[in-house]
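Every number for a ligand or one of its atoms is a count from 1 in the order of the listing.
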Amino acid sequence: MNNILIVTSSANGEASVSSRLAKAHAAQLAAAHPGARIVRRDVGADPIPHLTHVTVAAIKGTPESAAELEARALSDTLVAELVEADLVVIASPMYNFGMSSTLKSWFDHVARAGLTFRYTADGPEGLLKGKQAVLIESRAGFYSEGAGAAMDGQEPHIRTLLGFIGITDVTVVRAEKLAFGPEAAEASIAAAGEALGAAVRLAA
Ligand SMILES: Cc1cc2nc3c(=O)[nH]c(=O)nc-3n(C[C@H](O)[C@H](O)[C@H](O)COP(=O)(O)O)c2cc1C
C-alpha cells in the first residue's frame, strides 16, 4: 500500500460522524502502512464547484479561456489523486437520500472519458482496475435492510460510480440510526469503527 486517498464530504466540520470515522481510519491505515502517502481531499470544507458550461468545455473539449484552463487543472488534479491511489477512502454523509452534492461534484470531475473510463464496442469499461475502496456512510435513518432500503439513493449510486470507473473491491461501513437516540447512535458509530479496524487488519 503506497498511496491512500481520503475523500471526506460532510458540511458539518468537526462534528461530522463520517469525517471522524475517516480520520480514525486514516490513523489506523497510517499505523498499518507506515510508508504510505496519505492524501486528504475534503470536499465538504473545500467544495468542488458544480459543473457549468465552462467546466464541461474544459473537461470534455480543449480548454482555451483562463476559466477553462483553471477548471481543467482542477479536474486533472483530482483525477491524478485518484489514479495514484491504491486505496481510496470515501466518507459520505447521506443528504436527502443520496450523497452530498459536493461528493457528487467530485465524481463529476473524476469520471473522465479516456482517463478513468472508456466506451468500447461492448459498452463502458472502467480504467481504474486493481484499486480498493472503503466507503464510510453516515445517516440519521436505517437503510441497510428492511423498508428503508428502497430509499437508499446513496450506497447504490456510489457503488455504481466506483464500478463505472473500475473500482469494484469496495468495503462499505455504515454508521446508521444516528437519529434513533444516543444509545443507538453510539452503538452504530462504535460498530462502524470496529468494522474499519477489521478492514485494515484483513488488508494487512
Ligand atoms: C441537508 C441534510 C439532509 C439530510 N438528509 C438525510 C436523509 O435523507 N436521510 C437520513 O437518514 N439522514 C439525513 N440527514 C442526516 C445526516 O445523514 C446525518 O446527520 C449524518 O450524520 C451526516 O453525516 P456527517 O455526520 O458525516 O455530517 C441529512 C442531514 C442534512 C444536513
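In this structure a side-chain-to-backbone donor-acceptor pair under 3.5 Å is present from Arg72 to Gly61. Although no hydrogens or angles enter the test, the distance criterion places no donor-acceptor pair under 3.5 Å between the side chain of Thr102 and the main chain of Pro47.
Between Tyr143 and Phe97, the ring planes lie perpendicular to each other; the angle is over 60°, past the 30° to 60° tilted range.
Using a 4.0 Å heavy-atom criterion, the residues that approach ligand 1 are Ser10, Asn12, Ser16, Val17, Ser18, Pro93, Met94, Tyr95, Asn96, Phe97, Ser138, Arg139, Ala140, Gly141, Tyr143, Leu178.
Of the candidates Lys104, Arg139, Gln154, Glu137, Gln154 is the only one forming a side-chain hydrogen bond (donor to acceptor under 3.5 Å, both in side chains) with Ser92.
Residue Phe107 is not grouped with residue Leu127 when hydrophobic side chains (ILVMFWY) are merged at heavy-atom distances under 4.5 angstrom, including chains of intermediate members.
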In a table with atom names and distances, give each donor-acceptor pair under 3.5 Å that connects a side chain of residues 77-89 to protein atoms at least two apart or in another chain.
{"residue": "Thr77", "atom": "OG1", "partner": "Ala73", "partner atom": "O", "Å": "2.9"}
{"residue": "Glu81", "atom": "OE1", "partner": "Arg41", "partner atom": "NE", "Å": "3.1"}
{"residue": "Glu81", "atom": "OE2", "partner": "Arg41", "partner atom": "NH2", "Å": "2.8"}
{"residue": "Glu84", "atom": "OE1", "partner": "Arg37", "partner atom": "NH2", "Å": "2.8"}
{"residue": "Asp86", "atom": "OD2", "partner": "Asn2", "partner atom": "N", "Å": "2.7"}
{"residue": "Asp86", "atom": "OD2", "partner": "Asn3", "partner atom": "N", "Å": "2.7"}

